[in-house]
Amino acid sequence: MNVSKYIYISITFLFAGNLMNASPNHPSIFDELANEELLQATIEVDLDALMGDWRDESKHRAVFSYKDEVGEKQFWNIKLKKRGKFRRMHCEGIAPLKMYFDKDDLEQKGLADFNDMKIVNYCMESKEVARELLFKEYLAYKMYNELTEESFRVKLLKINYQDVNSKRKLKQWVILIEDTAEMRDRIGAKKYKMADQIADNPFDTSRIQLTALFQYMIGNADWNLLLEKNTKVVEKNGKVITIPYDFDFSGLVNPPYGTANALYNLTNLRERVYLGPTGGNLSAIIKYYHSKKDELLAIINYDKWLIEESKEVMVTYLESFYEDLDAAKIENALPKESYTQLD
C-alpha cells in the first residue's frame, strides 16, 4: 500500500466536503441570520454610551431588528458589550462588540440556546479603506471554512446603528462570528484549557498543522497555540485541536494600522513565518492545500463585495504561497524560537 497516498486521502476525507451545516436538531439564531447571503439589520442603542470609555465592561441594552426570509420584521431585545484588545482601544468608531440574546426569547422561538456572537466593526475613519479590510478578513474566515468544518462560521451583515436619544445613525458592514459554544457543539468538541494539563496535551498534530499552514498561507503571525492567543483550543475525540480567529493582522488583509511580529524578526505583515509542528503528516497536509487551491482562489475571485484591485492583490499574495509550497520551504521558515512547536 502507498502509505503517503493513504494518509493524504484520509486527511482529505477529514477536512474536505460541505461540512458547515447547522445542527440537525435545533437551529440557532446564527442559522436564522445566515439564511440570506446578505442581511440588513438595525440596532437601536445609546451610541454615546456604547462608544464611550474603551475600558467600559458593562452590557448595554439594545433592540436588534431585521426582515426575515419571508419579509416579516423580527425584533429582539439584546445586550451589547465591548470586546477585544487592540481594536477596542484603537477603533475610531464602534469597537468590536459581543451581542447577547435572551435565552428565554430563543426558547420561545424554538431556537437553540446559543445566545451570543461576536460583531466585528470598522476600525478606521476612512470608510472605504475600512470596508475593504473587513471584506478581506471575512474572506479569510471563508477560506478556512473551505478547508475544514472545524472553524468559526461567519456572516456578512449591514447594520444601521440608531441612537435612541437622537436621530444619529451609523451604517456599517460587519462580520458576525458564530458563538464558540455553538461551534463546539456543531463539530462535536468540548472545552479544553491548555494550562490545565500542559504536560499531557494529546495534540492532534495533523489538525494543528492544518491551522498553522493556513496562518502561514495568509501571513498571520499574530497567534500562539500554547498561549491560546487568537485561537480556541478544544478537545475532540480525545485529541486537542485549535480553531483560529482574528485575521486582521495578516498579510492577506494587510491593514495600515498593523505591525509585524518582532518576536520572529518580521519587518512587515506580508512576510511569512511557520509557527506549527513539522514532520508527521506535513507533506500530506501540503498536498491537501494544493488540492484546494482552485476553491480558495475562487472565494476571492467570485466575491461580490471587494473591488477588483483588492482581489488582484489578494490573489497575488495567495499565489506566492503556492509557488514555494513544499515541506523543506516550510521548515526553513521556522523561527529560531517558537512557542508553538510541538515536536
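A donor-acceptor pair under 3.5 Å is formed between the side chain of Asn301 and the backbone N or O of Leu297. At least one donor-acceptor pair under 3.5 Å links the side chain of Thr211 to the backbone N or O of Thr242. When atom types are taken as modelled, the side chain of Tyr274 and the backbone of Ala212 share no donor-acceptor pair closer than 3.5 angstrom. Between the side chain of Asp31 and the backbone N or O of Ser28, at least one donor-acceptor pair lies under 3.5 Å. Listed for the Ser310 side chain is no donor-acceptor partner under 3.5 Å among the backbone atoms of Leu306. Judged by distance alone, the side chain of Asn261 and the main-chain N or O of Ala221 form a donor-acceptor pair under 3.5 Å.
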List the steps, then state whether side-chain contact (heavy atoms from CB on, under 4.5 Å) holds for Asp163 with Asn165. CA-CA 5 Å; Asp163 183 60; Asn165 301 313; 3.4 Å; yes
Which is it for Ser58 and His60 under the side-chain contact (heavy atoms from CB on, under 4.5 Å) test, yes or no, and what are the steps along the way? CA-CA 6 Å; Ser58 60; His60 302 270; 3.4 Å; yes
What do the steps show when you test Thr42 against Ile159 for side-chain contact (heavy atoms from CB on, under 4.5 Å), and what is the final call? CA-CA 5 Å; Thr42 298; Ile159 289 184; over 6 Å; no
Given Thr267 and Glu271, is the side chain to side chain donor-acceptor pair (under 3.5 Å) satisfied, shown in steps? CA-CA 7 Å; Thr267 59; Glu271 292 180 335; 2.9 Å; yes
Please report the C-alpha distance between Glu137 and Val120 in whole Å, then the side-chain angles of each, then the deciding distance to 0.1 Å, and finally whether the side-chain contact (heavy atoms from CB on, under 4.5 Å) criterion is met. CA-CA 10 Å; Glu137 185 171 10; Val120 180; 4.3 Å; yes
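Counting only residues at least two apart or in different chains, side-chain hydrogen bond (donor to acceptor under 3.5 Å, both in side chains) contacts with residues 68-79 comprise Asp68-Gln74, Gln74-Lys109.
With values rounded to the nearest 0.5 angstrom, Ile285 atom CD1 is found 10.0 Å from Leu147 atom CG. Rounding to the nearest 0.5 Å gives a distance of 12.0 Å between CD1 of Ile218 and CG of Asn254. Here CG of Leu39 is found 8.5 Å from CG of Leu176. Values are rounded to the nearest 0.5 Å. To the nearest 0.5 Å, the span separating CG on Asp246 from OG1 on Thr231 amounts to 11.0 Å. Here Phe321 contributes atom CZ and Leu296 contributes atom CG; the two are 8.5 Å apart, rounded to the nearest 0.5 Å.
Grouped by direct or indirect side-chain proximity (heavy atoms under 4.5 Å, Ile/Leu/Val/Met/Phe/Trp/Tyr only), Val63 sits with Phe75.
Counting heavy atoms from C-beta outward, Trp173 and Leu157 have side chains that stay 4.5 Å or more apart. Using a 4.5 Å heavy-atom cutoff, the side chains of Leu97 and Lys81 are not in contact. Here the side chains of Asp179 and Met183 are not in contact, with every heavy-atom distance at 4.5 Å or above. Annotation: side chain of Arg153 is not in contact with side chain of Ser151 (no heavy-atom distance under 4.5 Å). At least one side-chain heavy atom of Thr180 sits less than 4.5 Å from a side-chain heavy atom of Phe152. Side-chain contact between Lys190 and Val234: absent, with no pair of heavy atoms (C-beta onward) separated by less than 4.5 Å. Counting only heavy atoms from C-beta outward, the side chains of Leu133 and Pro256 approach each other to under 4.5 Å. Annotation: side chain of Phe101 is in contact with side chain of Met99 (closest heavy-atom distance under 4.5 Å).
Under the ring pair (Phe, Tyr, Trp, His ring centres under 6.0 Å) criterion, Phe214 pairs with Tyr144, Phe247, not counting sequence neighbours. Considering only residues two or more places apart in sequence or on other chains, Ala62 meets the side chain to side chain contact (heavy atoms under 4.5 Å, CB included) condition with Ile43, Val45, Ile78, Leu80. A search for salt bridge (charged side-chain N to carboxylate O under 4.0 Å, His left out) contacts involving Lys169 returns nothing, not counting sequence neighbours. Every salt bridge (charged side-chain N to carboxylate O under 4.0 Å, His left out) that Lys98 has, sequence neighbours left out, goes to Asp116.
A salt bridge is defined here as a Lys NZ or Arg NE, NH1 or NH2 lying under 4.0 Å from an Asp or Glu carboxylate O, and Glu319 with Lys293 meets this definition. The existence of a salt bridge linking Arg186 and Glu178 is confirmed by a sub-4.0 Å separation between a basic side-chain nitrogen and an acidic carboxylate oxygen. Using a 4.0 Å cut-off between charged nitrogen and carboxylate oxygen, Arg168 and Asp48 count as a salt-bridge pair. A salt bridge is defined here as a Lys NZ or Arg NE, NH1 or NH2 lying under 4.0 Å from an Asp or Glu carboxylate O, and Asp204 with Lys236 fails to meet this definition. Taking the charged nitrogens against the carboxylate oxygens, Arg207 and Glu150 do have a contact shorter than 4.0 Å, which makes a salt bridge.
Under a hydrophobic-cluster definition in which Ile, Leu, Val, Met, Phe, Trp and Tyr are linked whenever side-chain heavy atoms come within less than 4.5 Å, directly or via other members, Leu139 and Val313 are assigned to different clusters.
Across Leu210 and Tyr289, no two heavy atoms sit closer than the pair O-OH, 2.7 Å.
A donor-acceptor pair shorter than 3.5 Å can be found between the side chains of Ser320 and Arg272. Remark: the Asp248 side chain and the Tyr257 side chain contain an N/O donor-acceptor pair separated by less than 3.5 Å. No side-chain donor from either of Thr205 and Gln209 sits under 3.5 Å from a side-chain acceptor of the other. Between the side chains of Asn121 and Tyr161, at least one donor N or O sits under 3.5 Å from an acceptor N or O.
The cationic group of Lys311 does not satisfy the cation-pi geometry with Phe135, failing either the under 6.0 Å distance to the six-membered ring centre or the 45° limit from the ring axis. A cation-pi arrangement is absent between Lys239 and Phe203, since the terminal nitrogen or guanidinium carbon is not both under 6.0 Å from the aromatic centre and inside a 45° cone about the axis.
In this pair, Tyr322 and His290 present their aromatic rings tilted. The plane angle is within the 30 to 60° band.
Within 6.0 Å of the CZ atom in Arg270, the count of heavy atoms belonging to other residues, nucleotides or ligands exceeds 12.
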